[in-house]
Amino acid sequence: MRLKNVPGAREAVDASPLVLKNAEDLKGRWSSQVFGNSHPVHLEIGMGKGRFLTALALRNPDVNYVGIEKYTSVLYRAVQRREEAELSNLFYLNEDAEKLESFFGPGEVGRIYLNFSDPWPKDRHHKRRLTSREFLQRYVRVLAPGGAVEFKTDNRNLFAFSLEEAEASGWTVADITWDLRKSPMYEGNIMTEYEEKFSLLGEKIMKMILLPPAGAEVL
Ligand code: SAM
């Protein structure tokens, strides 16, 4: 995501009730304090400008969604989009997902979406990739039994790395395609901003659905 200094973004994000503050205080209380219902809570990490999550929240009113985006200028666009949509099941955190376990308790998350995550191509940055074993371990600690991670990308190297990391960490690949548009997994697909850009360029999109190791949530 190109980072521009968008004038007023910081102030607008700080003032927006859609961007929840003091997320540590919400740990273990998302159902009771934020959403006021017991619907499952699904996350998108690195959600960018929020198109995917807004469409998903409109499609599934019985699921609660939280978008996590670390860059304020990008999140600002998502806030504007969210203000245009009539939704009570979507909120945002302006946070780094490295601190995921400070925001969500064990079993509090039903599903995690990772879309077109930054590839961090240099080896020495591999721990920053959102599908590294370090991040997978964070997901294990917040996912509910039956939870899953859904990952889409146009980047073959990142996709192959993610597969290796998942298998090395004991995750199960429930479904996978190296060409999403030609796969049954394409049914019901919601395009993200990046996905649209790469699809228009004729790039293949890849997708995998991962299930955490059995019993891992008690770690
Ligand atoms: N998901 C969107 C899409 O598909 O259009 C945006 C993709 S963009 C390449 C990746 C986004 O992930 C960026 O906006 C970046 O700021 C965010 N991001 C990367 N690492 C993150 C982290 N550790 N915590 C929160 N956001 C992160």
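Each ligand, and each atom within it, is numbered from 1 in the order the structure gives. Values reported hereafter were calculated over all heavy atoms of this structure, with side chains retained and with hydrogens, waters and symmetry mates removed.
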TODO: Quickly, which of Ser169, Ser162, Ser117 forms a side chain to side chain donor-acceptor pair (under 3.5 Å) with Thr131? Name it, please.
DONE: Ser162
Could you tell me, atom by atom, which parts of ligand 1 come under 4.0 Å of a heavy atom of [X]?
{"X": "Glu193", "answer": "5 (O)"}
{"X": "Ala97", "answer": "22 (C), 23 (N), 24 (N), 25 (C)"}
{"X": "Asp96", "answer": "22 (C), 23 (N), 24 (N)"}
{"X": "Asn115", "answer": "1 (N), 2 (C), 4 (O), 7 (C)"}
{"X": "Glu44", "answer": "1 (N)"}
{"X": "Thr192", "answer": "3 (C), 4 (O), 5 (O)"}
{"X": "Phe116", "answer": "4 (O), 7 (C), 8 (S), 9 (C), 10 (C)"}

Quick one, [X] and [Y] - any side-chain contact, counting heavy atoms below 4.5 Å?
{"X": "Leu58", "Y": "Leu87", "answer": "yes"}
{"X": "Val41", "Y": "Phe91", "answer": "no"}
{"X": "Tyr186", "Y": "Ile205", "answer": "no"}

Task: Donor-acceptor under 3.5 Å (Arg51 side chain, Thr192 main chain) - done: no
Does any N or O of ligand 1 fall below 3.5 Å from an N or O anywhere on [X], backbone included?
{"X": "Glu69", "value": "yes"}
{"X": "Glu98", "value": "no"}
{"X": "Leu130", "value": "no"}
{"X": "Tyr71", "value": "no"}

Open item on the list: For Lys152, which part has a heavy atom under 4.0 Å from ligand 1: side chain, backbone, both, or neither?
Closed with: neither
Open item on the list: Please confirm whether Glu95 approaches ligand 1 to less than 4.0 Å, judged on its heavy atoms.
Closed with: yes
Open item on the list: Please confirm whether Glu195 approaches ligand 1 to less than 4.0 Å, judged on its heavy atoms.
Closed with: no
Task: Phe159 six-ring face occupied by Arg156 cation (under 6.0 Å, within 45°) - done: no
- [ ] Test Glu195 against Asn189 for side-chain hydrogen bond (donor to acceptor under 3.5 Å, both in side chains), laying out the working first.
- [x] CA-CA 11 Å; Glu195 184 171 359; Asn189 184 59; 2.9 Å; yes
Open item on the list: Any carboxylate oxygen within less than 4.0 angstrom of a Lys/Arg side-chain nitrogen, looking at Lys49 and Glu193?
Closed with: no
Task: Cluster overlap Trp171 with Phe161, hydrophobic side-chain contacts below 4.5 Å - done: yes
